[in-house]
Number of protein chains: 2
Amino acid sequence: MADPTRRAVIETLLKGPASVSDLHAPHAMAMPSFLKHIRKLEDAGLVTSQKTGRTRMIHIEAAPMRAAEDWLSRQRKLWEGRLDRLQTLAEALERKPQ
Amino acid sequence: MADPTRRAVIETLLKGPASVSDLHAPHAMAMPSFLKHIRKLEDAGLVTSQKTGRTRMIHIEAAPMRAAEDWLSRQRKLWEGRLDRLQTLAEALERKPQ
DNA sequence: TGATTACTTAGCCATATGGCTAACCAACTT
DNA sequence: AAGTTGGTTAGCCATATGGCTAAGTAATCA
């Protein structure tokens, strides 16, 4: 979910639930194109929606957001480990330059 | 650079520089396909290479690795902020259920 | 009822991604 | 010199992604 449109939608939804057209407004893109992004967010479970009358309200889902943050945390630790190993490697190469 | 092949290559290179064929060996993929991944890593600056005779050695680059970790750090903080706002939002919605 | 609004469906298009084979060159090995 | 090895180039292919238009449906407004 690295897509800028999708990220912006998430960001907007943090201010509260919104209708599809509200969410659509700031994006210079045709509705059907935009709807695809909403569908992907729904498929990913980041967002839920319910239709009342002819408007569909989109709500952000807390659980997967927390999951996303956990994932980032874990990734960061992984990279920390990598940097450590890189450090070790650099030192090893320095000791035997050839 | 979310591709699993590329990630595995980086992981291997943390053990030290390696030739293209060494890196290729564990991946069930034709050489030209694999080479494309190496090229992308080079284009992204994560890796450098030099050819001696007919073999090309690939080296990992420290600076962009550090940059990657910084980026992850920043992202994590962003998501922390988002979770905070989500919390606030949830509380607000609870107070006025309709 | 007729028009407008808010989506929705269907289908087309360009580009990107990750894979393949075939053929090639250059550098060793025998 | 002939063969093998390590890498490279070129070009094809399937699928995915992110965009579009055109045409629909259903709800609400005038």
Side-chain angles (χ1 to χ4, degrees), chain A residues 1-61 64-65 67-68 71-72 75 93 98, chain B residues 1-61 64-65 67-68 71-72 75 93 98:
Chain A
M1 292 293 133
D3 182 272
T5 302
R6 252 114 70 194
R7 279 204 310 249
V9 168
I10 291 290
E11 207 63 31
T12 305
L13 284 174
L14 287 172
K15 298 199 283 262
S19 72
V20 172
S21 15
D22 285 352
L23 291 172
H24 174 220
H27 300 275
M29 182 185 307
M31 256 294 274
S33 313
F34 184 75
L35 242 193
K36 279 193 192 174
H37 290 295
I38 300 292
R39 297 292 188 214
K40 283 192 183 175
L41 287 173
E42 258 190 291
D43 291 349
L46 292 173
V47 132
T48 54
S49 75
Q50 60 219 22
K51 197 162 178 173
T52 346
R54 59 189 164 164
T55 86
R56 177 179 294 280
M57 293 300 282
I58 314 293
H59 313 261
I60 199 163
E61 278 298 307
M65 296 287 285
W71 183 87
L72 268 177
Q75 290 299 312
L93 290 179
Q98 260 50 283
Chain B
M1 292 294 132
D3 182 271
T5 301
R6 252 115 68 194
R7 278 203 311 250
V9 167
I10 291 291
E11 206 63 31
T12 306
L13 284 175
L14 288 172
K15 298 200 281 263
S19 72
V20 172
S21 16
D22 285 352
L23 291 171
H24 174 220
H27 300 275
M29 183 186 304
M31 256 294 275
S33 313
F34 184 74
L35 242 193
K36 279 193 194 175
H37 289 295
I38 300 292
R39 297 290 189 217
K40 282 191 184 176
L41 286 172
E42 258 189 291
D43 292 349
L46 293 172
V47 132
T48 53
S49 76
Q50 60 220 23
K51 198 165 180 173
T52 346
R54 59 189 165 167
T55 86
R56 177 179 295 279
M57 293 299 283
I58 314 293
H59 313 260
I60 200 162
E61 280 297 307
M65 296 286 286
W71 183 87
L72 269 178
Q75 290 299 311
L93 290 178
Q98 262 49 280

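Bear in mind the structure is a predicted one, so any value in this text is a computation, not a measurement. So that the names make sense, note that chain A is the first sequence line, chain B the second, and so on, each numbered from 1.
For B/Arg7 and C/dG18, the CZ to P distance is 11 Å, given to the nearest whole Å. What separates NE2 of A/His24 from P of D/dG18 is a distance of 16 Å, to the nearest Å. In this structure, B/Ile58 places its CD1 atom 14 Å from P of D/dG6, rounding to the nearest Å. Atom CE of A/Met31 and atom P of C/dA6 are 9 Å apart (whole Å). Rounded to whole Å, atom P of D/dT25 lies 18 Å from atom CZ of A/Arg56. Atoms CG (A/Asp3) and P (C/dT17) sit 14 Å apart, rounded to a whole Å.
In this structure, the separation between OG on A/Ser19 and CZ on A/Arg56 is 11.5 Å, given to the nearest 0.5 Å. In this structure, the separation between CE on A/Met29 and NE2 on A/His37 is 4.0 Å, given to the nearest 0.5 Å. Annotation: the span from A/Leu13 atom CG to A/Glu61 atom CD amounts to 11.0 Å, rounded to 0.5 Å. Distance OG/B/Ser21 to CG/B/Leu35: 9.5 Å, rounded to 0.5 Å. With values rounded to the nearest 0.5 angstrom, B/Phe34 atom CZ is found 6.5 Å from B/His24 atom NE2.
DNA chain C is contacted by B/Ser33, B/Lys36, B/His37, B/Lys40, B/Gly53, B/Arg54 of residues 33-55 of chain B, taking any non-hydrogen atom closer than 4.0 Å.
Here the nucleotide nearest the side chain of B/Pro32, chosen from D/dA10, C/dT9, D/dG7, is D/dA10. Comparing C/dT21, D/dG18, D/dG7 against the side chain of A/Arg6 picks out D/dG18 as the nearest.
Closest approach of A/Arg7 to A/Ala2, counting heavy atoms only: NH1-O, 2.9 Å.
Residue-level contact check: B/Met29 touches the backbone only, with heavy atoms under 4.0 Å from sugar-phosphate atoms and none from bases.
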